Amino acid sequence: MKKQTIITILFAVILGLTSCNRDSNYEDKVEQVTVYVSAETGLYYNVPNTTLEEGMMIRVDGEDNYICVAFNTITGFTYEKGNEYELLVKKTKLANPPKDSGSIRYELIRIVSKKKVMVE
């Protein structure tokens, strides 16, 4: 019985060490993407405050729909209502995101285009 307990403990330790080793190789995924920003704003649900708030509408190239996000979602970018933008951004999918925020970070590389649009 004692030998069986030692083998079980060793197995658990080895399993724990190999799973930790695999996690250390998991890194953030970084890519450059084009983001389109609508001239119109929308409403998004602010989870920490549990309120609806105004935000900018963005669509990542290759996706069909716009989503509403906070105005400060893209680091280095200042949104001006009534303008459409095409942006080149660095998109980072975090391997271990903080519990109090999202798993994707956007950082402005450059504004490709900015166009004034009449918003109703």
Side-chain angles (χ1 to χ4, degrees):
M1 184 72 103
K2 196 173 194 179
K3 185 176 182 180
Q4 201 172 23
T5 304
I6 292 172
I7 291 173
T8 303
I9 292 171
L10 283 174
F11 178 74
V13 169
I14 291 170
L15 182 63
L17 289 174
T18 57
S19 65
C20 289
N21 189 22
R22 216 174 314 139
D23 288 343
S24 66
N25 292 330
Y26 187 56
E27 296 178 359
D28 294 347
K29 181 182 175 188
V30 179
E31 61 181 326
Q32 285 187 10
V33 296
T34 300
V35 173
Y36 301 96
V37 183
S38 173
E40 297 182 26
T41 60
L43 295 174
Y44 71 98
Y45 189 67
N46 184 336
V47 176
N49 300 329
T50 63
T51 58
L52 280 176
E53 295 190 17
E54 185 179 25
M56 61 183 176
M57 302 293 293
I58 68 168
R59 179 177 65 83
V60 176
D61 192 32
E63 295 179 3
D64 294 331
N65 300 314
Y66 281 85
I67 59 168
C68 187
V69 297
F71 290 119
N72 64 353
T73 297
I74 302 172
T75 303
F77 174 68
T78 302
Y79 176 78
E80 295 175 16
K81 199 175 202 177
N83 291 292
E84 286 182 347
Y85 297 89
E86 180 180 344
L87 310 175
L88 183 61
V89 301
K90 179 171 83 169
K91 177 182 175 183
T92 304
K93 184 170 183 176
L94 302 174
N96 295 309
K99 293 181 185 199
D100 61 343
S101 66
S103 62
I104 297 177
R105 300 276 189 263
Y106 295 97
E107 183 179 340
L108 180 67
I109 296 172
R110 69 182 170 94
I111 297 174
V112 176
S113 68
K114 176 182 176 181
K115 177 181 171 186
K116 185 76 173 166
V117 176
M118 295 298 288
V119 180
E120 295 179 21

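From a predicted model like this one, the values you see are computed outputs, not experimental measurements.
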Item checked: Interatomic distance, Glu31 atom CD to Lys93 atom NZ [nearest 0.5 angstrom] -> 9.5 Å

Margin query: Could you report the tightest heavy-atom contact between Gly102 and Pro97, atom names first, then the distance?
Written below: O-CB, 3.8 Å

Note to self: Given 3.5 Å as the limit, does a donor-acceptor pair link the side chain of Asn83 with the main chain of Ala39, or not?
What the structure shows: no

Item checked: Atom pair CD1/CG of Ile109 and Leu87 - distance to nearest 0.5 Å -> 10.0 Å

Check: Rounded to the nearest 0.5 Å, what separation is found between the OG1 atom of Thr51 and the CG atom of Asn46?
Finding: 4.5 Å

Next item on the list: Find the distance between CD (Gln32) and CZ (Arg110) and round it off to the nearest 0.5 Å.
Entry: 9.0 Å

Note to self: What's the separation between atom NZ in Lys81 and atom CD in Glu40, rounded to the nearest 0.5 Å?
What the structure shows: 9.5 Å

Next item on the list: Fit a plane to each ring of Tyr79 and Tyr85, take the angle between them on a 0 to 90° scale, and name the class: parallel (under 30°), tilted (30 to 60°) or perpendicular (over 60°).
Entry: tilted

Check: Which distance, rounded to the nearest 0.5 Å, do you find between the CG of Leu52 and the OH of Tyr44?
Finding: 10.0 Å

Notebook entry, point to check: Considering only heavy atoms from C-beta outward, does the side chain of Val33 approach that of Asp61 to under 4.5 Å?
Noted result: no

Checklist line | Single-linkage hydrophobic cluster Ile104~Phe77, side-chain heavy atoms < 4.5 angstrom | finding: yes

Item checked: Cluster overlap Ile67 with Val35, hydrophobic side-chain contacts below 4.5 Å -> yes

Notebook entry, point to check: When you look at NZ of Lys91, are more than 12 heavy atoms from neighbouring residues, nucleotides or ligands closer to it than 6.0 Å?
Noted result: yes

Check: Can you check whether Met56 reaches Val69 side chain to side chain, under 4.5 Å on heavy atoms?
Finding: yes

Checklist line | Least distance between heavy atoms, Phe71 atom then Glu54 atom | finding: CE1-O, 3.4 Å

Note to self: Is any side-chain heavy atom of Val112 closer than 4.5 Å to one of Thr34?
What the structure shows: no

Next item on the list: Spell out, yes or no, whether Tyr66 and Val37 are grouped together once hydrophobic residues are joined by side-chain heavy atoms under 4.5 Å, including indirect joins.
Entry: no

Margin query: Side chains of Arg105 and Thr75, heavy atoms from C-beta outward: is any pair under 4.5 Å?
Written below: no

Next item on the list: Find out whether Glu107 and Thr92 are in side-chain contact, i.e. whether some heavy atom of one side chain is under 4.5 Å from a heavy atom of the other.
Entry: no

Next item on the list: Examine Val60 and Ile111 and state if one hydrophobic cluster contains both, with Ile, Leu, Val, Met, Phe, Trp and Tyr joined whenever side-chain heavy atoms are less than 4.5 Å apart.
Entry: yes

